[in-house]
Enquirer: 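Below: one structure in structure tokens.
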Amino acid sequence: MKIDFNNVDLSNLNSYKEKSLDAFSSLMNKDGEGNDFLGWIDRPNNLDMEEYERIKKASKKIQNNSDCLVTIGIGGSYLGTKAVDYAMKGYFPKNDKTELIYAGHQISGEYLHELLDYLKEKEFSINVISKSGTTTEPAIAFRFVKELLEEKYGKEEARERIFVTTDRQKGALKDLANKEGYETFVVPDDIGGRFSVISAVGLLPLCVAGIDIDKFVAGFKKGIENYTVDSFEENKAIQYAAIRNMLNEDGKDLEVLVNYEPKLKYVSEWWKQLFAESEGKDGKGIFPVSVNNTTDLHSVGQMIQEGKRNLFETVLKVESANKDLTIMEDEENLDDLNYLAGKKMSFVNEKAMEGTIIAHVKGNVPNILLTIDDVSAESLGELFYFFEIVVGVSGYMLGVNPFNQPGVEEYKSQMFKLLGKPGY
Ligand code: PA5
């Protein structure tokens with residue numbers, strides 16, 4: 001992974017160096033706010049190997065008896081898995097693998113209705129994921145999908161097809177799993193939802209989807225090697241956090257994550273949750289948005305080029321495409337495209353990216369370029385770990401606790417009041 005800050009004015013950066021190093025040392029020494037949620041920092045080197053082997057065993061069982069695994073969860077209990085699954089499964093996947101189907105990540109009755117219809121024809125299992133075990137969206141979805149599963153297979157076999165990932169000891173889901181005898185996996189106490197893809201939360205469904213979780217974990221370990229180094233000069237995660245804060249204080253309070261490979265769309269969704277829930281509190285935070293280019297150059301690209309000058313971009317570039325095509329010569333050239341004959345699609349895409357960067361930098365949008373080697377489990381693991389360190393350092397620099405999300409409760413209590421939930 002490479003990161004380049006050539007298109008940012010760094011003349012002021014020195015004044016952010018000390019603050020970023022202080023924030024980094026609070027994170028590493030675990031003496032800052034939210035320090036009871038820092039288990040993710042060492043987790044890649046500290047996996048519960050007994051559980052890790054159970055994950056692989058359960059995955060084989062699911063792959064052998066199911067066309068689909070219904071993965072029920074929301075926020076951090078869903079986005080990391082979706083990001084890697086979507087990036088890795090290919091644009092037009094063949095139906096020879098167990099497919100991950102998502103539920104409980106919204107409250108659409110229409111979605112759930114169609115999902116239940118779809119599942120009627122399929123062999124399926126369920127992985128319900130909720131750290132608290134009480135989140136409304138997954139709880140409703142689980143009720144419906146479990147009912148169908150029990151109808152289809154009977155209560156005994158359904159029990160063998162339900163896998164619960166939740167708190168080690170407490171919560172409604174844990175109680176239900178104990179009562180029904182479902183196999184359970186743990187969301188560690190000291191890892192918050194949006195940092196939990198490295199736990200059973202992500203590893204079980206990803207393994208079922210055929211992703212090499214050893215390689216995914218190896219990517220996280222590479223992240224530890226590269227981004228826990230206590231040096232401003234050597235650690236790009238500290239530099240990036242410092243630069244984000246410098247830009248923010250200069251009025252650039254909106255960060256756009258840009259990709260040119262549509263399969264990275266949900267990596268951006270995962271990233272948005274990570275940064276928004278971690279930084280957006282106490283009236284502070286850099287608002288994270290994302291675009292998928294070149295598609296969005298024909299929509300919000302106008303806004304980025306000439307709208308309010310309060311944004312900066314981080315471009316996620318993929319060094320080598322897994323597949324490519326060469327543009328052919330056409331005798332008639334009616335489309336005037338022969339100037340591209342012999343050029344690879346990846347070359348054209350790269351020039352679109354480079355041209356856009358030049359245009360946006362000219363338009364006063366500072367640009368950070370983050371290059372991953374390829375779209376692979378290992379590269380994504382390293383990228384995730386990088387962003388997690390960045391958000392920890394950046395959040396501490398902003399002066400917020402990056403590891404809680406108190407604001408999420410407000411919509412819940414308003415919704416519960418309207419729904420007539422007892423106690424609201
Ligand atoms: O990052 C977080 O902690 C949140 O986004 C949670 O993951 C999300 O609210 C889901 O919570 P739970 O896993 O308890 O159902």
Enquirer: Within the structure provided, determine whether Val187 and Asp167 are in side-chain contact (heavy-atom separation under 4.5 Å).
Expert: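 Of all side-chain heavy-atom pairs linking Asp167 with Val187, none is under 4.5 Å.
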Enquirer: Is the CD atom of Glu53 crowded by more than 12 outside heavy atoms at less than 6.0 Å?
Expert: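 Atom CD in Glu53 is packed in, count exceeds 12.
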Enquirer: Taking the six-membered ring of Phe220 as reference, does the cationic atom of Arg43 (NZ for Lys, CZ for Arg) lie under 6.0 Å from its centre and within 45° of its axis?
Expert: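 No.
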Enquirer: Do you know which of Leu274, Val84, Ile198 makes side-chain contact (heavy atoms from CB on, under 4.5 Å) with Phe384?
Expert: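 Among Leu274, Val84, Ile198, the one that satisfies the side-chain contact (heavy atoms from CB on, under 4.5 Å) with Phe384 is Val84.
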Enquirer: With a cut-off of under 6.0 Å to the ring centre and 45° to the axis, is Lys82 in cation-pi contact with Tyr266?
Expert: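 Yes, cation above the ring, under 6.0 Å and within 45°.
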Enquirer: Without swapping roles, check the side chain of Ser290 against the backbone of Leu257 for a donor-acceptor pair under 3.5 Å.
Expert: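 Checking the backbone N and O of Leu257 against the side chain of Ser290, no donor-acceptor pair under 3.5 Å is found.
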Enquirer: Decide side chain to side chain contact (heavy atoms under 4.5 Å, CB included) for Glu255 and Trp271; before the verdict, give the C-alpha distance in whole Å, the side-chain angles of both, and the deciding distance to 0.1 Å.
Expert: CA-CA 11 Å; Glu255 180 174 15; Trp271 171 88; 3.5 Å; yes
Enquirer: Where the side chain of Asp212 meets the backbone of Asp214, is there a donor-acceptor pair that is under 3.5 Å apart?
Expert: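 The answer is yes, because a donor-acceptor pair under 3.5 Å joins these two groups.
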Enquirer: For Pro44 versus Val217, what's the shortest heavy-atom pair and its separation?
Expert: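 For Pro44 versus Val217, the nearest heavy atoms are O-CG1, 3.9 Å.
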Enquirer: Is it the case that over 12 heavy atoms from other parts of the model lie below 6.0 angstrom from the NZ atom of Lys284?
Expert: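 Enclosed.
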Enquirer: Grab the two heavy atoms, one from Gln305 and one from Ala359, that are nearest each other, plus how far apart they are.
Expert: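 Closest heavy-atom pair between Gln305 and Ala359: NE2-O, 2.9 Å.
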Enquirer: If you measure from the Lys or Arg side-chain nitrogens to the Asp or Glu carboxylate oxygens, is any gap between Glu160 and Lys61 under 4.0 Å?
Expert: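 Yes, charged N to carboxylate O under 4.0 Å.
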Enquirer: Drop me the distance from His113's NE2 to Ser108's OG, to the nearest 0.5 angstrom.
Expert: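 His113 atom NE2 to Ser108 atom OG measures 11.0 Å (nearest 0.5 Å).
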Enquirer: Please report the closest heavy-atom contact between Arg194 and Pro402, naming both atoms and the distance.
Expert: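 Closest approach of Arg194 to Pro402, heavy atoms only: NH2-O, 2.9 Å.
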Enquirer: Just by distance, with hydrogens left out, do Glu382 and Tyr227 show a side-chain donor and acceptor under 3.5 Å apart?
Expert: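 Yes, Tyr227 and Glu382 have a side-chain donor paired with an acceptor closer than 3.5 Å.
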Enquirer: Counting only heavy atoms from other residues, nucleotides and ligands, does the tally under 6.0 Å from NZ of Lys60 exceed 12?
Expert: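 Incorrect, the count does not exceed 12.
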Enquirer: Does the side chain of Ile126 come within less than 4.5 Å of Arg161's, by heavy atoms?
Expert: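 The answer is no, as the side chains (C-beta and beyond) never meet within the 4.5 Å cut-off.
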Enquirer: Just by distance, do the side chain of Asn35 and the backbone of Lys30 share a donor-acceptor pair under 3.5 Å?
Expert: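 Side chain of Asn35 to backbone of Lys30: a pair is present.
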Enquirer: With side-chain hydrogen bond (donor to acceptor under 3.5 Å, both in side chains) as the test, would you mind laying out the steps for Gln414 and Glu410 before giving the verdict?
Expert: CA-CA 6 Å; Gln414 296 299 343; Glu410 186 56 29; 3.0 Å; yes
Enquirer: Please check: side-chain N/O of Asn293 versus main-chain N/O of Asn259, any donor-acceptor pairing under 3.5 Å?
Expert: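 No, Asn293 side chain to Asn259 backbone: no donor-acceptor pair under 3.5 Å.
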Enquirer: Assess whether side chain to side chain contact (heavy atoms under 4.5 Å, CB included) is satisfied between Asp324 and Phe347, documenting all intermediate values.
Expert: CA-CA 9 Å; Asp324 213 344; Phe347 172 83; over 6 Å; no
Enquirer: Counting only heavy atoms not in Met49 (residues, nucleotides, ligands), do more than 12 fall under 6.0 Å from its CE?
Expert: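 Atom CE in Met49 is crowded, with more than 12 foreign heavy atoms closer than 6.0 Å.
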Enquirer: Do Val164 and Glu183 pass the side chain to side chain contact (heavy atoms under 4.5 Å, CB included) test, and can you show the C-alpha distance, the side-chain angles, and the key distance before you say yes or no?
Expert: CA-CA 6 Å; Val164 173; Glu183 178 161 12; over 6 Å; no
Enquirer: For residues Asn127 and Leu69, report the shortest heavy-atom separation together with the two atoms involved.
Expert: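 Minimum heavy-atom separation between Asn127 and Leu69: N-CD1, 3.6 Å.
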Enquirer: Is there side-chain contact between Val291 and Ile304, with heavy atoms separated by less than 4.5 Å?
Expert: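 Touching, per the 4.5 Å side-chain cut-off.
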Enquirer: Is there a donor-acceptor contact under 3.5 Å from the side chain of Lys281 to the main chain of Ser278?
Expert: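 Pair found, side chain donor or acceptor close to backbone of Ser278.
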Enquirer: Should the pair Phe387 and Trp270 be assigned to parallel (<30°), tilted (30 to 60°) or perpendicular (>60°) ring geometry?
Expert: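 The rings of Phe387 and Trp270 sit tilted, inter-plane angle from 30° to 60°.
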Enquirer: Run the numbers on Phe386 and Tyr240 for ring-ring contact (aromatic ring centres under 6.0 Å, His included), then give the verdict.
Expert: CA-CA 10 Å; Phe386 168 76; Tyr240 184 34; 5.7 Å; yes
Enquirer: Take Ser196 and Ser199, measure what side-chain hydrogen bond (donor to acceptor under 3.5 Å, both in side chains) needs, and give me the verdict at the end.
Expert: CA-CA 5 Å; Ser196 70; Ser199 73; 4.5 Å; no
Enquirer: Salt bridge check, Glu319 against Lys2: does any charged N sit closer than 4.0 Å to a carboxylate O?
Expert: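 Here Lys2 pairs with Glu319 in a salt bridge, since their nearest N and O are under 4.0 Å apart.
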Enquirer: Does NZ or CZ of Lys222 lie under 6.0 Å from the centre of the six-membered ring of Tyr385, at an angle within 45° of the ring axis?
Expert: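 Negative - Lys222 is either too far from the ring of Tyr385 or too far off its axis.
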Enquirer: Kindly determine whether Asn245 and Ser394 satisfy side-chain hydrogen bond (donor to acceptor under 3.5 Å, both in side chains), including the steps that lead there.
Expert: CA-CA 7 Å; Asn245 276 267; Ser394 186; 3.1 Å; yes
Enquirer: Nearest 0.5 Å, please: how far is CG in Leu100 from CD1 in Ile62?
Expert: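 With rounding to 0.5 Å, CD1 (Ile62) is 9.5 Å from CG (Leu100).
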Enquirer: With no hydrogens and no angle check, is any side-chain donor or acceptor of Gln63 less than 3.5 Å from a backbone partner on Cys207?
Expert: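 Yes, because the side chain of Gln63 sits within donor-acceptor range (under 3.5 Å) of the backbone of Cys207.
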Enquirer: I need the Ile191 CD1 to Asp36 CG distance, nearest 0.5 Å.
Expert: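 That separation rounds to 12.5 Å.
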Enquirer: What's the shortest heavy-atom distance between Ile368 and Leu247, and which atoms?
Expert: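 In terms of heavy atoms, the two residues are closest at CD1-CD1, 4.5 Å.
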Enquirer: If you count every heavy atom of other residues, nucleotides or ligands that lies below 6.0 Å from Glu249 atom CD, does the total exceed 12?
Expert: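 Yes, CD of Glu249 has more than 12 neighbouring heavy atoms, counting only those of other groups under 6.0 Å.
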Enquirer: Does this structure show an ion pair linking Lys17 with Glu233, if we count only N-O contacts that are shorter than 4.0 Å?
Expert: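 Counted as a salt bridge, because a side-chain N and a carboxylate O are separated by less than 4.0 Å.
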Enquirer: Do you know the tightest heavy-atom contact between Leu119 and Val145?
Expert: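 Reported closest heavy-atom pair: CD1-CG1, 4.0 Å.
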Enquirer: Tell me whether the rings of Phe403 and Trp40 are parallel (<30°), tilted (30 to 60°) or perpendicular (>60°).
Expert: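 The arrangement is tilted - the two ring planes meet at 30° to 60°.
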Enquirer: Are Tyr52 and Ile213 side-chain neighbours, meaning at least one heavy-atom pair lies under 4.5 Å?
Expert: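 They are in side-chain contact.
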Enquirer: Are more than 12 heavy atoms, taken from residues, nucleotides or ligands other than Arg309, located less than 6.0 Å from that residue's CZ atom?
Expert: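 Buried by this count: over 12 neighbours within 6.0 Å.
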Enquirer: Could you tell me how the ring of Tyr102 sits relative to the ring of His105: parallel (under 30°), tilted (30 to 60°) or perpendicular (over 60°)?
Expert: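 Taking His105 first and then Tyr102, their aromatic rings stand perpendicular (interplane angle over 60°).
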Enquirer: Quick check: do Leu254 and Ile286 have side-chain heavy atoms less than 4.5 Å from each other?
Expert: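 Side-chain contact under 4.5 Å: no.
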Enquirer: Evaluate the side-chain hydrogen bond (donor to acceptor under 3.5 Å, both in side chains) criterion for residues Ser320 and Asp374: first the C-alpha distance (whole Å), next the side-chain angles of each, then the deciding distance (0.1 Å), finally the verdict.
Expert: CA-CA 5 Å; Ser320 41; Asp374 50 19; 5.3 Å; no
Enquirer: Just do the side chain to side chain contact (heavy atoms under 4.5 Å, CB included) check on Val201 and Lys131 with the steps written out, would you?
Expert: CA-CA 9 Å; Val201 169; Lys131 180 170 177 168; over 6 Å; no
Enquirer: Can you tell me how far CE of Met353 sits from CG of Leu297, rounded to the nearest 0.5 angstrom?
Expert: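 Reported to 0.5 Å precision, the distance equals 12.0 Å.
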Enquirer: If you draw a 6.0 Å radius around CE in Met303, do more than 12 non-hydrogen atoms from other residues or ligands fall strictly inside?
Expert: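 12 or below, so no.
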Enquirer: Taking NZ, NE, NH1 and NH2 as the nitrogens, is one of them in Glu279 or Arg244 under 4.0 Å from a carboxylate oxygen of the other?
Expert: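 The answer is yes: the pair qualifies as a salt bridge.
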Enquirer: Taking everything shown except Lys265 itself, do over 12 heavy atoms lie less than 6.0 Å from its NZ?
Expert: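 No - once you tally the heavy atoms of other residues, nucleotides and ligands closer than 6.0 Å, there are 12 at most.
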Enquirer: Without swapping roles, check the side chain of Glu378 against the backbone of Phe216 for a donor-acceptor pair under 3.5 Å.
Expert: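 Pair absent, no side-chain N/O of Glu378 close to backbone of Phe216.
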Enquirer: Output yes when a side-chain donor or acceptor of Asn349 lies under 3.5 Å from a complementary backbone atom of Met345, and no otherwise.
Expert: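 Looks like no, no N/O pair under 3.5 Å.
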Enquirer: Atom OG1 of Thr228 and atom CG of Asn45: how far apart are they, to the nearest 0.5 Å?
Expert: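 So the gap between those two atoms works out to 9.0 Å.
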